[in-house]
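Below you'll find the structure, written out as structure tokens, and then a few comments.
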Number of protein chains: 2
Amino acid sequence: MTFEVLQKLATTKDVGTKAVLLVMDGVGDLPHPDYGGKTPLEAAHTPNLDQLAQEGVGGVLDPIAPGITPGSGPGHLGLLGYDPLAYQVGRGVFEALGSGFELTPQDLAIRGNFAAVKKGPSGEWLVTDRRAYRMGDRPDEQCRKLCAQMVDLQLPGVTVFARPVSEHRFLLVLRGAGLSPEIAETDPQALLVPPLPPVALVPTAEKTSALIAQFIDQVQQALDGETVVRPASLGEPDQAERYYPLLRGYGKYPTLTTLPEIYGVRAAAVATYPMYRGVAQVVGMAVFPEDPTGKKGLAAQVETLKECWQDFDFFFFHVKYTDQAGEDGKFEEKKRVIEEVDRIVVPAIRALNPTVIAVTGDHSTPVLLKSHSWHPVPVVLWSLHGGVDSVSAFHERACAGGALGRFRAVELMPQIMANARRVEKFGA
Amino acid sequence: MTFEVLQKLATTKDVGTKAVLLVMDGVGDLPHPDYGGKTPLEAAHTPNLDQLAQEGVGGVLDPIAPGITPGSGPGHLGLLGYDPLAYQVGRGVFEALGSGFELTPQDLAIRGNFAAVKKGPSGEWLVTDRRAYRMGDRPDEQCRKLCAQMVDLQLPGVTVFARPVSEHRFLLVLRGAGLSPEIAETDPQALLVPPLPPVALVPTAEKTSALIAQFIDQVQQALDGETVVRPASLGEPDQAERYYPLLRGYGKYPTLTTLPEIYGVRAAAVATYPMYRGVAQVVGMAVFPEDPTGKKGLAAQVETLKECWQDFDFFFFHVKYTDQAGEDGKFEEKKRVIEEVDRIVVPAIRALNPTVIAVTGDHSTPVLLKSHSWHPVPVVLWSLHGGVDSVSAFHERACAGGALGRFRAVELMPQIMANARRVEKFGA
């Protein structure tokens, strides 16, 4: 389904409906032998989610395509109706936008990690820790300090912005004409090997490749006086270690047809993590809370939703902590977060009296795998006229076999908008 | 799946199988609170349909794509295996063909409605009834009379055909070189506003746009002496009202690869409404009964099916009245029609001993919504080697979770033809 078709079908009537997409990051999971063969969604006590499932229709979705494990950016693009295979956006873009950096069309946004390196026997640098021991006991402060030393870097024809993000992570933006994102990532994903060179993946990226190689050299020189700090628990620093910038997630600001342009909706995101705020911004959503470093937690996010409720038609509500629990392999914690969403978020959304509620995840993050996975994610679509099936609980087992069947995430938004009565008939 | 692939796989053996696609128009529905939360299909007593479901496999299909509400033309194109997003045919074409008008490749077919208009304060025509009060107490006669006055219209380089259809509806065909269907519809879809101008949607349609504007002027002049008649129940005519031709559904005869060309089958349609007869003709089917104004009703359609049974391999049997009942918001009537299909049509089809029977709808027309909708439609595929699942009834709830899963309508025909043993192995 092209956006052109959807744009033509978007209603021009003032339907006044409101729709909420509630995303529990990485919520999909696998049965766990230590917990009675249940998944966290099955083990959790979720009367409110189950009621949505009973009143609505269920199914399972593939965030990208069957068998494909999504990154967080593509996972969310899919849920918001953008085929992740067609719209490949570097994660650096999402993080730049989400952290408040105003990207211009010239900018190349890059995710940086400070790594620890040490000279090998033949004098080359070898990675000793890919995350620089997460920067010691005051990681954010250390990150700010290192970034401050990158302020004066000079690259020919290019302005350099280096911003601390958190712990060992920083954002690098190069601003100049003709920059290309087609550069190889430099993280070797292994220890005691050299960082990879920023190779040009296409001939037109060679100028950018050379600039980035220069940048890396300059950073090494600028930080040459810095010993790599460690948390006290890891003992004394190794005086021979130095910082090294690993680069990945190269991206330029994409020009997507936005949700307001496609469906004629005013769209808002309630999300606290830079990544998801960035995705939301790229697809034309206003992003709340304006200051994500302020009040935190689900209750605060619910308050934010209430505050912006009157001014928007479509809401993307993002819950991060389910994914984190999966990544950490913590079953009980994932169950607890799910129950918190059920107790705090779902009733609050229902109390706002929306026309449509969709609940799902951007991918599975099974506790057993401690990582994102390819498994389809359960989804429930609730509305006054959502349809009929026998699904009466929101979890992997119940939703398989629901009326929504199995579908690609990119097809969720048209169904949400149809239920919000915002899509007119196709043909006569 | 392209037609080229299917064409290569079509068997050349004389398999002698027969397959029937039984379409209950708009049969899909929603649970109705006044009828025990059941859908009309659930409420209806349908032992024969349920037996098909039990012996066959079930599923749900999206006529066009998830979330998209189909018009009748696209809905049927999908069921017959033509992606409605790829083949966008103006409804005027279907209605022209279906009413027996022989279109040539030069022709531009247009659906016309006679509307009532009246001069506004600044002298412009405003629509007072979009269907000209359905043309009074003898609507078909009035329609014929108005069309007769359009016989002598002259447009430069173009021959004009205006044919009465029924009530306020007429068919307009312009025959000439270089005509374009990319013209805006002129029905403003509202009262007390002027009709919309027939704007060219692309630069190459400007000549056509000018011709249609001339046509509208000439019709207004030709019909200037006619007072708009009303049914007696609406009181005396307003002498200031005049007829005005609203135009939509512009289309040119599409050149599709036909069903006989794709699958090597002789294909027949048993349908009484012009629209569906037109769709069938476009995809290369013979259309029965030859005189649809003769005997009517399902029993007559069944007789027609029997009469043409020996001469064809694939049959499309169209039941209109389910959709009508849904559009009218009549639950009991929809249930009654479904039961009639179960009682009269299904046993008759089975008695003919076909190899394959598929039963579904071209879209949902929920009683609660009184209009076409985006909801997936239940489908049952019955054949000797159809597969296995637990579906034992033909309705929305039962078919969700069947072996066919959820799929796009365009994928139904290959499955019907496979069960009819007409599709050979792909690759070795």
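Here the structure is a predicted model, which means the values were calculated and not measured. Chain naming here is simple, since letters A, B, ... match the order of the sequence lines and numbering starts at 1 in each.
- Distance check, rounded to the nearest 0.5 Å: OG1 of A/T2 to CG of B/L85 gives 7.5 Å.
- Taking both residues in full, the closest heavy atoms of A/G427 and B/P74 are given as CA-CG, 3.9 Å, listed atom of the first, atom of the second, then distance.
- Ranked by heavy-atom pairs shorter than 4.5 Å toward chain A, the options B/G401, B/G90, B/P31, B/P66 are led by B/P66.
- A donor-acceptor contact shorter than 3.5 Å links the side chain of B/H375 to the backbone of A/H385.
- Within the model, atoms CD of A/E411 and CD1 of B/I68 stand 10.0 Å from one another, a figure rounded to the nearest 0.5 Å.
- A donor-acceptor pair is defined here as one N or O able to donate and one able to accept, closer than 3.5 Å; such a pair exists between the side chain of B/R406 and the backbone of A/L404.
- With a 4.5 angstrom heavy-atom cutoff, A/R421 touches chain B only via side-chain atoms.
- Annotation for A/K425: atom NZ counts as buried by contact number, over 12 foreign heavy atoms lying within 6.0 Å.
- Applying the 6.0 Å contact sphere to NZ of A/K38 captures no more than 12 heavy atoms from other residues, nucleotides or ligands.
- Contact of A/L6 with chain B is made through the side chain alone, with heavy-atom distances under 4.5 Å.
- Using a 4.5 Å cut-off between heavy atoms, B/P378 does not touch chain A at all.
- For chain A, the nearby part of B/T39 is the side chain; its heavy atoms alone come within less than 4.5 Å.
- Smallest separation of non-hydrogen atoms from A/S390 and B/R397: OG-CG, 3.6 Å.
- Residue B/R248: no heavy atom, backbone or side chain, is found under 4.5 Å from chain A.
- With rounding to the nearest 0.5 Å, the separation of NZ in A/K13 from CD in B/Q189 is 8.0 Å.
- Between the CG atom in A/N419 and the OG atom in B/S373 there is a gap of 9.5 Å [rounded to 0.5 Å].
- Put simply, of A/D389, A/V388, A/I416, A/V423, the one with the most heavy-atom pairs under 4.5 Å next to chain B is A/V388.
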